[in-house]
Amino acid sequence: MAMAAQSDGFQARINRINDPRNVSYFDPELKMNIPKRVSNEFINRKRVKRLGFARVGVSVLIGCLAYIAVQVMLGRSGLVPPSELTLFGVAAILAVVLGMLMRHKTMFLVGAQVAGIALMMTSAHNAVWMFPDAVSQVISTAYVSQVQATTTPNSIMLLGETYTL
C-alpha cells in the first residue's frame, strides 16, 4: 500500500515534468522562473562583441595614468629624456602594456589609450596650476616653476599654441 502511494506520487511528478505546458521551473535561489528548453537557434547564435563606453573610458584613463607615470619618472629620477616625442613614446608603450594586462587589446581601445596620452599632454599643466604644492612634492619644484612660467591656467597647449578655456 505504501509502495503504491509512492509510485503514484512519482508518476504524478513525471507527468508534471513531461507536461508540454510546463516550460519553466522556479529556482528558489534566483527567485525566478528558469526556462527548461532553449532553442538551438539561441544556443548557436553568433555572439556580437559590443564595445562598452566604460571600457573606452578606462582605456582613456590608462593613457592618462601612463603619461602621469612617465612625468613622475622624468621629474623624480631623470630616467626619461625631457623631449615631448620621447615622453609620448614611453607613455604609449606603458599604456599599451597596462592595457594588455587589463585585456584592452582591440585597436579602438589602444587608440583610446593614445587619446588619453594626448589629452594629458595638452592639458596636464592645469594640474600644476590647481595643485602646485602636491605636484612639487611628487615631481619637482623646478618642474612646477617652469610650467607656471610658460603656461596659463585653464588652457590647452596644442602644437605650440595656447588656447584659453
Side-chain angles (χ1 to χ4, degrees), residues 23-24 27 29-165:
V23 294
S24 66
D27 188 350
E29 288 180 15
L30 297 174
K31 296 181 179 155
M32 62 184 286
N33 286 327
I34 307 296
K36 286 173 44 175
R37 293 179 184 88
V38 179
S39 67
N40 286 336
E41 293 84 25
F42 184 78
I43 294 171
N44 296 327
R45 71 184 167 139
K46 298 282 185 211
R47 301 248 189 269
V48 177
K49 288 189 177 183
R50 286 187 245 158
L51 192 62
F53 288 114
R55 289 182 62 91
V56 175
V58 168
S59 289
V60 170
L61 186 66
I62 289 171
C64 294
L65 292 176
Y67 185 75
I68 291 170
V70 170
Q71 281 285 24
V72 170
M73 283 191 311
L74 171 67
R76 284 281 178 152
S77 61
L79 290 175
V80 181
S83 162
E84 288 292 323
L85 186 60
T86 306
L87 287 175
F88 180 78
V90 173
I93 291 170
L94 183 60
V96 168
V97 168
L98 289 174
M100 292 297 168
L101 290 174
M102 295 182 70
R103 295 192 176 129
H104 289 230
K105 300 177 186 178
T106 65
M107 285 303 285
F108 188 75
L109 293 177
V110 171
Q113 293 165 11
V114 171
I117 295 169
L119 175 71
M120 287 305 287
M121 288 182 80
T122 58
S123 62
H125 62 276
N126 290 315
V128 174
W129 284 100
M130 287 188 276
F131 312 106
D133 295 332
V135 175
S136 67
Q137 289 177 355
V138 173
I139 299 178
S140 69
T141 56
Y143 175 73
V144 171
S145 61
Q146 183 238 347
V147 167
Q148 287 180 339
T150 58
T151 63
T152 58
N154 298 326
S155 64
I156 294 175
M157 291 186 62
L158 183 62
L159 301 173
E161 295 289 325
T162 302
Y163 302 99
T164 304
L165 301 177

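Model, not experiment: these values are computed from the prediction. Each residue takes its place number in the sequence, starting with 1.
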> Counting N and O atoms only, with roles assigned by atom type, does the side chain of N126 sit under 3.5 Å from a partner on the main chain of N154, one being a donor and the other an acceptor?
Replying inline: yes
>> Tell me which one of V97, L109, V58 satisfies side-chain contact (heavy atoms from CB on, under 4.5 Å) with M102.
In response: V58
>> Taking the side chain as everything from C-beta on, heavy atoms only, tell me whether V110 gets closer than 4.5 Å to V96.
In response: yes
> Should T151 and T162 be marked as a side chain to side chain contact (heavy atoms under 4.5 Å, CB included) after you check the CA-CA gap, both sets of side-chain angles, and the distance that decides it?
Replying inline: CA-CA 8 Å; T151 63; T162 302; over 6 Å; no
> Looking only at heavy atoms, which two atoms of A127 and V135 are closest? And how far apart?
Replying inline: O-CG2, 3.9 Å
> In chain order, what residues pass the side-chain contact (heavy atoms from CB on, under 4.5 Å) check against N33, with sequence neighbours excluded?
Replying inline: S24, F26
> Nearest heavy-atom pair of H104 and S59: which atoms, and what distance?
Replying inline: ND1-OG, 2.7 Å
> Between V70, I93, V114, which is the residue that forms a side-chain contact (heavy atoms from CB on, under 4.5 Å) with F88?
Replying inline: V114
> With sequence neighbours excluded, what pairs up with E84 under the side-chain contact (heavy atoms from CB on, under 4.5 Å) test?
Replying inline: Y67, L87, M121
> What heavy-atom pair brings P132 and Q148 nearest, and what distance separates the two atoms?
Replying inline: CB-NE2, 3.7 Å
>> What verdict does the side-chain hydrogen bond (donor to acceptor under 3.5 Å, both in side chains) test give for W129 and S155, after you've listed the backbone C-alpha separation in whole Å, the side-chain angles of each residue and the deciding distance to 0.1 Å?
In response: CA-CA 10 Å; W129 284 100; S155 64; over 6 Å; no
> Between M73 and V90, is a side chain to side chain contact (heavy atoms under 4.5 Å, CB included) present by the stated rule, with each step listed?
Replying inline: CA-CA 11 Å; M73 283 191 311; V90 173; 4.2 Å; yes
> Okay, side chain of T122, backbone of L119: is any donor-acceptor separation there less than 3.5 Å?
Replying inline: yes
> What heavy-atom pair brings A69 and L94 nearest, and what distance separates the two atoms?
Replying inline: CB-CD2, 3.8 Å
> Checking side-chain contact (heavy atoms from CB on, under 4.5 Å) against V138, which of I68, V72, V144 comes through?
Replying inline: V72
>> So T150 and M157, do their side chains get closer than 4.5 Å, heavy atoms only?
In response: no
>> How close do A91 and A66 get, counting heavy atoms only, and between which atoms?
In response: O-CB, 3.5 Å
> Do T164 and T152 come within less than 4.5 Å of each other through their side chains, counting heavy atoms only?
Replying inline: yes
> Between C64 and G116, what is the shortest heavy-atom contact and its length?
Replying inline: SG-O, 3.5 Å
> Measuring from S83:OG to L74:CG, what's the distance to the nearest 0.5 Å?
Replying inline: 10.5 Å
